[in-house]
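Both ligands and their constituent atoms are indexed starting at 1 by order of listing. Computed over heavy atoms, backbone and side chain alike; hydrogens, waters and symmetry mates excluded. All figures in this text were calculated on a predicted structure; none of them were measured in a lab.
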Amino acid sequence: MDKMKKEILFSRKAIDLRVRELAAGISRDYQGRELIVIGVLKGAFIFMADLIRSMTIPCRVDFARLASYGAGSVSNGKVILTKDIETSIRGKDILIVEDIVDTGVTLSYFVEWLQERNPRSLRVCAFLDKRGRRKVTFEADYVGFAIEDGFVVGYGLDFDEKARFLPDVYIMKD
Ligand code: IMP
């Protein structure tokens, strides 16, 4: 782990500021509504914990887990749900919270899956967005930071299950 070559991309201070801004926007948008926040495991757990604690509106939480298959770290469009949510979302305002949008394949699948259950509204908040790497059209409604190509770790994001616990976000070198 210590041998992973990496450089800081976003410090915990910069992350904290941005998460507060996102939380303020979400709180304004959902004022007076009953929001259910759905985190995508495992990557989103730290971001989601910070986000909802910075929000000034109440919410309920649930989690889902998705797996995508492909060569190496690139998904090939096959996504399966390995853990479904446990809450009824029909007629409810739903906010999906994800660590990063890359090809867009995972979130397009999950959004479609949830839409079939007829929520009142469904939006996506992604901590990071690699816009240049989409394989399918997908736009998150709230984005922490847009980033260029490259592999990032920390603040919930892993490389081979390592580095999720790091409070800052790093970009891997080599
Ligand atoms: P997508 O389906 O290609 O958009 O993949 C999204 C998932 O790929 C994310 O939820 C992450 O688990 C993983 N992923 C994509 N890029 C990175 C990265 O730079 N660091 C860590 N995980 C990543």
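Salt bridge Asp149/Arg133: present, at least one basic N to carboxylate O contact under 4.0 Å.
Within the 4.0 Å heavy-atom criterion, the part of Lys130 lying near ligand 1 is the side chain and not the backbone. The proximity of Asp158 to ligand 1, defined as any non-hydrogen pair under 4.0 Å, is limited to the backbone. Proximity of Arg133 to ligand 1, defined as any heavy-atom pair under 4.0 Å, is not found for any part of the residue. Here Leu157 has side-chain heavy atoms under 4.0 Å from ligand 1, and that is the only part of it that gets that close.
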Practice prompt. Test Glu7 against Tyr170 for side-chain contact (heavy atoms from CB on, under 4.5 Å), laying out the working first.
Written response: CA-CA 5 Å; Glu7 238 170 48; Tyr170 295 81; 5.8 Å; no
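Atoms of ligand 1 found under 4.0 Å from any heavy atom of Gly104 (numbered from 1 in listed order, with element): 1 (P), 3 (O), 4 (O). Near Glu98, with a cut-off below 4.0 Å to any heavy atom, the atoms of ligand 1 are 10 (O). Atoms of ligand 1 found under 4.0 Å from any heavy atom of Gly150 (numbered from 1 in listed order, with element): 19 (O). Within ligand 1, counting atoms from 1 as listed, the ones closer than 4.0 Å to a heavy atom of Thr106 are 1 (P), 2 (O), 5 (O), 6 (C).
Comparing Phe151, Phe127, Phe110, Phe138 against atom 21 (C) of ligand 1, the shortest heavy-atom distance belongs to Phe151.
With sequence neighbours excluded, no residue forms a side chain to side chain donor-acceptor pair (under 3.5 Å) with Ser54.
Taking a 6.0 Å sphere around CD of Glu161, one finds it holds more than 12 heavy atoms contributed by other residues, nucleotides or ligands.
Ligand 1 lies nowhere less than 4.0 angstrom from a heavy atom belonging to Ser68. Distances from ligand 1 to the non-hydrogen atoms of Ile100 include at least one value under 4.0 Å.
Of the possible polar contacts, none joining the Arg123 side chain to the Asp141 backbone as a donor-acceptor pair under 3.5 Å is found.
Donor-acceptor pairing under 3.5 Å is recorded for the side chains of Ser121 and Asp93. With 3.5 Å as the limit, one finds a donor-acceptor pair spanning the side chains of Asp50 and Tyr155.
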